[in-house]
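Reminder, nothing fancy here: chain letters follow the sequence lines and each chain counts from 1. Computed from heavy atoms alone, side chains included, the values below leave out hydrogens, waters and symmetry copies.
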Amino acid sequence: MKQVRATMAGTILRLLVDTGNEIESGADVIVLESMKMEVPMATESAGKVTSVKVQIGDFVNEGDVLVELE
Amino acid sequence: MNQSLSDTLRERVEQIKRGGDEKYHQKGQEQGKLFVRDRLSLLFDQGSYNIEDGLFANCKESDLPADGVVTAIGKINGQRVCVMANDSTVKAGSWGQRTVEKIIRIQETAEKLRVPLLYLVDSAGARITDQLQMFPGRRGAGRIFYNQVKLSGKIPQVCILFGPSAAGGAYIPAFCDIVIMVDKNASMYLGSPRMAEMVIGEKVTLEELGGARMHCSVSGCGDMLAQTEQEAIDFARRYLGFFPGNYSESPPYAVAQEPHEQAKDINGIVPDNQNAPFNMYDFIEAVVDKDSFLEIKKLFAQELITGLARLDGKPVGIIANQPRVKGGVLFVDSADKASRFISLCDAYHIPLLFLTDVPGFMIGTAVERAGIIRHGAKMISSMSEATVPKVSVIVRKAYGAGLYAMAGPAFEPDVCLALPQAQIAVMGPEAAVNAVYSNKIQAIEDPAERQAFVMEKRKEYQEDINLYLLASEMIVDSIVEPMNLREELINRFDAYSSKQLLSTDRKHPVYPV
């Protein structure tokens, strides 16, 4: 199972994928707000989204899992 | 001369140049490794090096040809260089007494000739059987590292890591200006996985513990991850093309080129919205000479980009925030990366270009515990110490200590230029209004009224940090249209090329490391 993890601490601003979506490697999956900046979180590998672990407004720390891929 | 003596000599030379036993050559081939002398042929111009010393080192021992290291003098890009290169077919490239002596001598030669020195490392470490002769004494292995430190900033020192550099040997790359690592084969570690398991009980693979990818993306010990030995050698040759032979010379110029035809239109790259991400690589490509950008530490601390490039054929070192990654915020690692790169460029007279779009240094528990303040201080310190021409371009925002770290006006850049959308402030409007009016905002009960108050205060704040106000106060020296930036930079660096700033007669600053 592949995971996309937060690269920095912040709050979830936008979800760009949903469970079941096929995504390509390098695609943005979530936009975080941190330090007043919109920070896109991209996936390093392609695959089908099996689960989105966060909701808009959630605080995440660096390293927290955001999205899981098949 | 007696013919048979010549024949004997020729035979011995050929035998030594063949290196170690055939089975070790095969093993190397299976790992995608070239024989040390083939590496040297790829490295030097026209594949030639006609000066080699210590070929007969330890020749009384039949299984230690050249004592496992080749030391040679040749040319790269027409410039003379010295090289030491481990031979992994000879006792896994391990160091005996004469190996160490040969390395020390080529260092001394490079210092006297004032030419760059390359270390082609592929070595299992010390030969324990030789330890008394090669480890502790005045001309033991420690001397290699001492010399590296003394040579640092006098002549460029480049490491290409083809295989392991273990224990003490791991310090050769650590003291070089740049470390190029070949993926899968290169590794660097103080204690091997076996030792880690025995001594601290950790079970870990070599790749995880000290592999090339780890060092290039996590520890920062590696500057470039090459997929093949050829790619690693090509990178070293390109890299040296930016550097003078020593600190008393100027870096070489190349033929001037326009930016890449496929570079994006610079006017459309930077979004007006201060908080939206964009790709700083596009901006760099639109400004510098075509195909000239050579990135250093591409995989490490990607929120900050460092690399060498050419503007009108002349070398320049670029330090640029990358809003696409971690919002371009400065972290512990990015500050460290910048600090090292600035000091590298400054040592060899390569002017610095700062492309600023920075929300500030990261805040929060994690970074405070990691010492963000002292790492940030490190960056500000090397940037302040740099005496080469420094041009600061505020591409979009420059908030808080981020402005300072990116060669803001107080740090004596030769010029501080701003693009029309630039915003310079202690913090952004949203954060500032929250900070100043927090209690007042909370006290307003009606949401609509509260929102109106916030918007009004933000507008006032925007006026306070208006770019023309900053220009009127001569905080920024000029406002430049993006499409004219390249021309402006070429003119500026040309004008500042005669800059002379001498350091004082103190010994050295106390570095905030």
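- For NZ of A/Lys2, the number of neighbouring non-hydrogen atoms (other residues, nucleotides, ligands) closer than 6.0 Å is greater than 12.
- Counting heavy-atom neighbours within 6.0 Å of B/Leu469 CG, excluding the residue itself, gives a total above 12.
- In this structure, B/Phe361 and A/Met35 approach most closely via the heavy-atom pair O-CE, 3.0 Å.
- Both the backbone and the side chain of B/Met362 have a heavy atom closer than 4.5 Å to some heavy atom of chain A.
- Smallest separation of non-hydrogen atoms from A/Met37 and B/Gly327: CE-O, 3.6 Å.
- In this structure, chain A has no heavy atom under 4.5 Å from any part of B/Ala366.
- At most 12 non-hydrogen atoms from other residues, nucleotides or ligands lie less than 6.0 angstrom from CD1 of B/Ile373.
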Heavy-atom donor-acceptor pairs under 3.5 Å, chain A with chain B:
residue: A/Asp28; atom: OD1; partner: B/Arg324; partner atom: NH2; Å: 2.8
residue: A/Lys36; atom: O; partner: B/Asn275; partner atom: ND2; Å: 3.4
residue: A/Glu38; atom: N; partner: B/Asn275; partner atom: O; Å: 3.0

